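In what follows, a structure is listed as structure tokens, so that the remarks can point back to it.
Order of the sequence lines sets the chain letters (A, B, ...), proteins ahead of strands, with each chain counted from 1. From a predicted model like this one, the values you see are computed outputs, not experimental measurements.
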Amino acid sequence: ADKVVLQLKWVAQGQFAGYFTAKEQGFYEEEGLDVEIRNGGPDIAPEQVIAGGGADVIVTWMAAGLAARDKGVNIVNIAQPFAKSGLQLICPKDGPVQTEADFTGHTLGVWFFGNEYPFYAWMHKLGLATEGGADGVTVLKQSFDVQPLIQKQADCISVMTYNEYWQAIDAGFKPEDLIVFNYTELGNDLLEDGLYVMEDKLKDPAFEDKMVRFVRASMKGWQYAVENPEDAAEAVMEAGGQDENHQQRMVGEVAKLIGDGKLDLVVYERTAKALLDQKIITKEPEGAYTTAITDKAL
Amino acid sequence: MRGTLSWQIMLVALAVLAGIIAHMTAANGGPANIGTALGLLAVSAAAAWALNRQALAKACILFIGAHGTAWLLLSGVSGHEGQAGASFYLALGAAWLLAWRCVTVLSLMKPVSLVARRALGLIIPLIFGAWVLILWEAIVRGAGIPFLLLPPPSAIADRIAASSSVLAADFKQTVLKAVLAGYVMGCGAGFVAAIAADRFVFLRRGLLPIGNMAAALPIIGVAPIMVMWFGFDWPSKAAVVVIMTFFPMLVNTVAGLSASGHMERDLMRTYASGYWPTLFKLRLPAAMPFIFNALKINSTLALIGAIVAEFFGTPVVGMGFRISTEVGRMNIDMVWAEITMAALAGTLFYGALALVERTVTFWHPSIRGG
Amino acid sequence: MDSFRSKIIPVTTLLTLLVIGWYAFAVALNGPFQRDLDRRAGEMPGQLEFLMRTWSQPKPTLPAPHQVAQNFYKATVTVKPWSNRSLIYHSWVTLSSTFVGFVFGAGLGILIAVGIVHFTSLDRSLMPWIITSQTIPILAIAPMVVVVFASIGITGLFPKALISTYLSFFPVAVGMVKGLRSPEMMHLDLMRTYNATQPQIFWKLRVPASLPFLFASMKVAVAASLVGAIVAELPTGASAGIGAKLLNGAYYSQTIDIWAALVAGSLVAVLLVAAVGLAGRITDHAMGGRPA
Amino acid sequence: MDVSASYKPAPAIPACDGRLANVVEANRLGLTFQTNDGPVQALSNVDLTIGKGEFVSFIGPSGCGKTTLLRVIADLEKPTAGTITINGMTPEQARQKRAYGYVFQAAALLPWRTIADNVALPLEIMGLARQERAERIARTLELVNLAGFEKKYPWQLSGGMQQRASIARALAFDADLLLMDEPFGALDEIVRDHLNQQLLELWARTNKTICFVTHSIPEAVYLSSRIVVMSPRPGRVTDVIETNLPRERPLDIRETPEFLSLAARVREGLKAGHSYED
Amino acid sequence: MDVSASYKPAPAIPACDGRLANVVEANRLGLTFQTNDGPVQALSNVDLTIGKGEFVSFIGPSGCGKTTLLRVIADLEKPTAGTITINGMTPEQARQKRAYGYVFQAAALLPWRTIADNVALPLEIMGLARQERAERIARTLELVNLAGFEKKYPWQLSGGMQQRASIARALAFDADLLLMDEPFGALDEIVRDHLNQQLLELWARTNKTICFVTHSIPEAVYLSSRIVVMSPRPGRVTDVIETNLPRERPLDIRETPEFLSLAARVREGLKAGHSYED
Ligand SMILES: Nc1ncnc2c1ncn2[C@@H]1O[C@H](COP(=O)(O)OP(=O)(O)OP(=O)(O)O)[C@@H](O)[C@H]1O
Ligand SMILES: Nc1ncnc2c1ncn2[C@@H]1O[C@H](COP(=O)(O)OP(=O)(O)OP(=O)(O)O)[C@@H](O)[C@H]1O
Ligand SMILES: Cc1ncc(C[n+]2csc(CCO)c2C)c(N)n1
Ligand SMILES: [Mg+2]
Ligand SMILES: [Mg+2]
């Protein structure tokens, strides 16, 4: 079997259920692939891993992927399992923030490490400064969890629909206690989990073929996971996930974001433009994606 | 020394020979200047060997030979990144050996004048450090190591120059606020705890085991909690530093307090000296070498602690914040710029401590010489 | 064992005080959120009921001791020791890389100290850079280190132990340099009159004289080594080890799990430091151990 | 040599047996050290009474327990048998009242203090004013002939000078009871004679009680009002000799027949305790 | 007392001036210490020749440079002026050949070694076999009367016993040149006499060269073939006295007129170097 190393963006969890399922259900094996899935973690940048040759293919967000490409790491999007964004900002209803207009002068929790681009794009659109002060917002680099909200250290915090949102609920917030700003609904969404490989490797037809099979099996895995969240959660647990109930719920939520695996060029253009507007990338990205793989695979 | 051929020079000769062969046989392309570099190496090695007796002249020649070669090689590699061959590395290695020889010659020199001694004390580590950088630059660029894994020092230097205001703000946030406050409080708390444990047997028996537990409260677990308790700004980082530095101070002070001699303690007993006078006049001075041990170890731990603590909830400024964020943004040169700042600050702080130590524990055999 | 018995009462007293303070802290820290919750639910619990609630939140800011104890008990006694859910298993994983890292770190530290004490050129050129090396926030770049190693195919215990080594060699090196230089001048003179060789002076004089410094430093080093191992477990994507437990706990806001893992980490620390202390005492005894 | 025999025995030292004025009273004192290789009996059945103003020398072979006895008096060692009182108090109480000054067998100077600061140490602890301290330091350093070495550190002095600094330190302390453990061991004859005379003068002037360990028989006889001869394994008192020499003692008293016969008696006692058969 | 004057002066020690057999030769030797408070001239213009098999005593007031001179001979201190050779070699070469054994003024025992192990230290360094070591240890500890204390640690011994252990250590080393810095300072008269005799016997038997620092005039006269009197600030040699006593010296030689007149001459020399006017 052909060996493939997949580097995830984060720890084993429902967010990656498709890949775990594909492995568990033998979809990769059917394609003649031997896939090793490497979990990520805080401060593991998949882009760095692939640049160092530590992986064949990575899962990362489009913004981070384009930023890395801008820095000379020639990675290419070969498939886009997540069609929609799961990012949102939540604020307690009894807090000071009710609408976008209330942001000024308040503290907002944001994840950094390449996850901050959608937020900055949004603030850029709203015309809000992010250096603090009375007419801007104060940005707090948020930890993994929802504590800043409980502790009232931030007026609003970032959550993923499939993860931290439910932690807030678990902690005792009721859905009706929360104001939710969903990036997708606001039209601010930047593309999230996609599959990326090094551009020069892709020139090798054997590698390309391997990726075709990989994407095909992965999407099959996602398909299966969406239809069988229990099995998918089980596969996640197998891979070192924590808290089975939570993973099941996560798979269920992630399922709502999954598309057919093909990159939606409209959203791609928007993502690229937002990054360019904020000077996160310095030039119009070229060749940052290929549809060749998905065309063959799906 | 003494007229014999040192092993470094012998190796240089071998490396130059091998380099010439490799250079002749290598395909065209690759870094420029290698021929010139090999020539310079050969000349300076021969001159150093000939000048066996005059240490200063010899050191100068070695210095010029080594660093001239380095300069030639580094300037030759630009435009040819990742194309270095055997001859390049042989020349580099030979230059490094010359520098090593230079350091050896310098450290065998025993100048009489104080100024010259001080200068030597600076030059030697600087040459060593310069070579860490030269080798790093040459290998990274010669082998074409991806920028994302390890940027060359020159890129880091450029970045430092370009982002000095950001670096200054981060330095202020992390070092001047969190580290200093935490260091002072942590060392102070460890010290006071050690005295308390020394004063009261009850506390000694109870506190030390519990202190041991605090030893390994891993910052990674403590930092989020401190953020919960002290907010996301620098006080929570200072708290982490306090926890990090507490234990080394406790352990060393406790060890130091039992370092005074038996006869001296008996002497104080005959004066019916109370606990405190004995502590201040005998046991603390005798404990000073240990306490400085802790202060030195802590000076580096404090920096690490504050930086790591900034991974968990911070305002968008600070060295740790910058490091983790810029890794995510693939600005690895910025990460190394921050690391350079941290290293510089830490080394200076440590050096200052070592100076204070020399004056405070002038009487200890380790300072009087031994 | 006598010293053990004499410690029991003070340790338990202090621990009791600690626990009481902890409960109080828990009320203080969990109280505000509990009040928010109650307000949102429109409830008005009594004084005692309120206390109970602050001590039984599912994701408290500061879990009450009994919550931690329950969790700890569950994760050690009721599960198979080698299962993924057992803190014993995770502690063991961390302990083994700590141990490897510490052994290498202490060895390296001693080696460096020996070099520095014997070669002025090393003292002059190496020492400043060893210090500098420690001011590099290795923990901050631990992920990069792990990435770099993974990219050349080195994974598993080695990168973790490497970070432990990096953190633990320094205290040992600094302490040993001091210790190896601490023999009395008169004793050094004595060895000179015997024309003792450097190794003889080293083994018969410098080493015995340095032992108090060595053991004090090793206590610090073993603790640092543990911190290093735990931190290194975060980015390796390791699913085993106390660090992985802490990370998972943190990621899912499971504060009780975090604290249970912290307790496990502390116990490991106590164990390690006590082991070094014991080794120190045995050595001291073997060297005539004059009572203080 | 001008040997003169004209000295009269001095009158018995007053209050030598008076209950009230006794400074040291030991009854069947014993001390056993526990060592890695079995117990060592350092003192056994020592009975001893020292009156106020006496000058008592302890002499005995090396290892017979002289230092140990002094340490028991000074409350640095607890007896394992018998009782001892100092000025009617326990040694601990006496120590806390700063009843005595102690000169150790080794100099025990603190390496981080200059000579002057070392002498100042007990004075600082007693809380004397700077002025008073400076004066006492100057006086006692002068007395032991170390004026001019105030600013040196101990390791910059010769062995004898260190020992003299330590004597100066004890004298500066100025307690009523002086415990001196071979203070003049490392000094040459001339300095020794000088210091002997200084000590006698001090004793005469201040009526201090002095317990003095020495290895020199002439020194013991020259200085003391009473000589306690000890013998080892287990350490015990084998002879107590009253010297009855006058308090005023010029150096050449050492050549008088009384002196020589006393010395001979001490020597006999000493020999008896030795294991050498010569 | 049975004073007998029947001893004849011994014949001049052979090779005392023979160029070849000189063990120590110092020419205009000087040594200045740099201290925080100015230079201290410890030795100045010292000329000294010691022949093979001589027993030379150094005597002089405390701080006059005796220890420093011995340390220069032993290559523990570098002279700042003049030259010195040991057996025709530099002190450094001599030290490297293990030409001498040194007894320090303080005992300098390693606290973590038992007495036997302390004596074993130089023997281990010389690489002697265990068997040989054990034998030498037993013999020398016996010599200094410390048999039975092999397993004790230094802090469990009295001051004098520690000093004796240190003497045993130097004797076990068994070098041809013995440098002894007040070895018997902390010992009582009886032990001292005993050890003096032992040392003389050893000297006679082995023809070692011995440099001996002492503060006791009788000891210096009793032991030496030559006495070097020194005086301080700056330390220099003021007198060199040949004793010319026979090599065989019973203890009571100390009461012969020759002895007493030698002692008086040394005392005069010593006094001259002192600043006391008495
Ligand atoms: N390391 C040193 N630094 C500065 N001065 C020193 C040092 N060692 C000795 N001296 C000085 O040198 C002089 C001679 O000292 P030395 O130890 O040789 O005397 P000594 O004759 O052995 O005296 P003693 O009989 O008291 O032992 C003294 O004045 C002393 O202060
Ligand atoms: N701390 C100790 N532990 C065990 N034994 C000890 C200790 N201190 C002293 N001794 C033993 O007690 C005995 C008496 O010792 P002490 O020091 O009183 O002798 P000393 O009369 O002062 O002899 P010196 O004249 O040699 O100083 C010795 O045999 C010694 O070995
Ligand atoms: C330091 C840090 N970075 C990101 C997240 C949140 N997070 C976890 S998974 C994920 C989506 C990426 O695939 C995001 C944004 C966090 N909690 N902490
Ligand atoms: Mg004694
Ligand atoms: Mg001396």
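- Judged by distance alone, the side chain of B:S299 and the main-chain N or O of B:K296 form a donor-acceptor pair under 3.5 Å.
- Not a single donor-acceptor pair under 3.5 Å links the side chain of D:T32 to the backbone N or O of D:V40.
- Under the 3.5 Å distance criterion, with hydrogens and angles disregarded, no donor-acceptor pair is assigned to the side chains of D:E182 and D:T214.
- Taking chain B as the reference chain and counting heavy-atom pairs below 4.5 Å, the highest number among D:L110, D:L76, D:L109 is found for D:L76.
- Here the side chain of D:Q162 pairs a donor or acceptor atom with the backbone of D:P154 at under 3.5 angstrom.
- One N or O on the side chain of B:N298 and one on the backbone of B:T245 form a donor-acceptor pair closer than 3.5 Å.
- Among the residues in residues 276-292 of chain B, those with a non-hydrogen atom closer than 4.5 angstrom to a non-hydrogen atom of chain D are B:P277, B:K281, B:L282, B:P285, B:A286.
- Both the backbone and the side chain of D:A106 come within contact range of chain B, with heavy atoms under 4.5 Å apart.
- Contact annotation: the side chain of D:D181 approaches that of D:Y102 to within less than 4.5 Å [non-hydrogen atoms, C-beta and beyond].
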Exercise. Using the ring-ring contact (aromatic ring centres under 6.0 Å, His included) rule, take D:F212 and D:F55 through it: C-alpha gap first, then chi angles, then the decisive distance, then the call.
Key: CA-CA 7 Å; D:F212 189 93; D:F55 194 128; 5.6 Å; yes
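- Put simply, the side chain of D:W203 gets close to the backbone of D:K208: a donor and an acceptor are under 3.5 Å apart.
- Across B:A178 and B:K237, no two heavy atoms sit closer than the pair CB-CB, 3.6 Å.
- The backbone N or O of D:Y153 sits nowhere less than 3.5 Å from a side-chain atom of D:T114 that would complete a donor-acceptor pair.
- For D:K78, the NZ atom sits in a packed shell: over 12 heavy atoms of surrounding residues, nucleotides or ligands are nearer than 6.0 Å.
- Using modelled atom types, one side-chain atom of D:K66 and one backbone atom of D:P61 make a donor-acceptor pair closer than 3.5 Å.
- Of the listed residues D:Y100, D:F104, D:W112, the one with more heavy-atom pairs under 4.5 angstrom with chain B than any other is D:W112.
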Output side-chain donor-acceptor pairs under 3.5 Å for residues 247-254 of chain B, partner residues at least two apart or in another chain, one line each.
unit_1 : atom_1 : unit_2 : atom_2 : d
B:N252 : ND2    : B:P248 : O      : 3.0
B:T253 : OG1    : B:M249 : O      : 2.6

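- Using a 4.5 Å cut-off between non-hydrogen atoms, the part of residues 121-131 of chain D that approaches chain B consists of D:L121, D:P122, D:E124, D:I125.
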Quiz item: Can you list the steps and then say if D:F184 with D:Q163 is a side chain to side chain contact (heavy atoms under 4.5 Å, CB included)?
Solution: CA-CA 8 Å; D:F184 305 145; D:Q163 187 58 24; over 6 Å; no
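- Scanning residues 184-196 of chain B against chain D with a 4.5 Å non-hydrogen threshold yields no residues.
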